Structures are given as C-alpha cells and as structure tokens.
J.: 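The structure that follows is given in the form of structure tokens.
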Amino acid sequence: MCATMVGMDELQQAAREHRDAKATFETARARLAEAIVTAARSGVRQTDIVRATGYTRERVRQLCRDAGITPTD
C-alpha cells in the first residue's frame, strides 16, 4: 500500500507540473500572437516576423487575418 501511495503522489505531482507548464505555454503563445499582430500593424515585414518567431508564413498570415490585417511581405 505504501508503494502505491508514493506512486500516486508522484503521479499527482507530475500532473500538477504538466498543468502548470501548459498554462505557462498557453500564456506565452497568446503573448507571441499579440506581438506578431503588433509588429505586422507597425509595418514589420512578414518575412522578418517569420524569421524572428520561427513560425511558418502561413501561421503568421493566419494570426494576422484573425486580427483583421493583411501582413506585408
């Protein structure tokens, strides 16, 4: 029984860490999307946004379209 409880404690801790990491990731992803849109609105070329972020051109276009703007190449 003790080994089972230790295993459960480890499992619960790992699950908690995973939830925390996921929340941190989601926040960072949203912040990056906002920064991409801001950069595009400021006239930063799509090529430069792609290079800086590592996102594909299509992903950058999608984020910009969703924000109601057309990025410049």
Side-chain angles (χ1 to χ4, degrees):
M1 177 99 167
C2 185
T4 302
M5 291 305 294
V6 170
M8 285 301 294
D9 289 343
E10 184 178 338
L11 177 61
Q12 290 171 337
Q13 177 63 30
R16 203 169 18 259
E17 289 171 5
H18 181 265
R19 281 190 301 274
D20 292 347
K22 185 176 179 182
T24 299
F25 172 76
E26 294 296 334
T27 300
R29 183 167 59 176
R31 173 69 183 106
L32 179 56
E34 290 172 13
I36 288 169
V37 169
T38 298
R41 284 191 174 132
S42 297
V44 177
R45 295 179 322 145
Q46 181 179 340
T47 302
D48 295 331
I49 294 171
V50 167
R51 188 175 299 119
T53 63
Y55 276 9
T56 64
R57 291 172 63 93
E58 181 54 35
R59 182 64 181 139
V60 171
R61 278 192 291 272
Q62 182 183 43
L63 290 169
C64 290
R65 274 193 314 262
D66 289 350
I69 60 174
T70 303
T72 57
D73 285 327

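Please read these numbers as outputs of a predicted model, since none were measured by experiment.
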J.: Hey, does Leu11 have a side-chain heavy atom less than 4.5 Å from the side chain of Met8?
T.: yes
J.: Going by the rule salt bridge (Lys or Arg N to Asp or Glu O under 4.0 Å), which residues pair with Glu17 if we only count those two or more places apart in sequence or in a different chain?
T.: none
J.: If only atom types and distance count, is the side chain of Gln46 paired as donor or acceptor with the main-chain N or O of Arg57 below 3.5 Å?
T.: yes
J.: Could you list all the salt bridge (Lys or Arg N to Asp or Glu O under 4.0 Å) pairs where at least one residue sits in residues 19-31, not counting sequence neighbours?
T.: Glu26-Arg29
J.: Using every non-hydrogen atom in the two residues, find where Val44 and Asp48 come nearest and quote the distance to one decimal.
T.: CG1-CB, 3.9 Å
J.: Can you list the residues that meet the side chain to side chain contact (heavy atoms under 4.5 Å, CB included) rule with Arg59, with sequence neighbours excluded?
T.: Tyr55, Thr56, Gln62, Leu63
J.: Would you mind writing out the side-chain donor-acceptor pairs for residues 32-42 within the sub-3.5 Å range, not counting sequence neighbours?
T.:
unit_1, atom_1, unit_2, atom_2, d
Thr38, OG1, Glu34, O, 2.9
Arg41, NH2, Ala67, O, 2.9
Ser42, OG, Thr38, O, 2.9

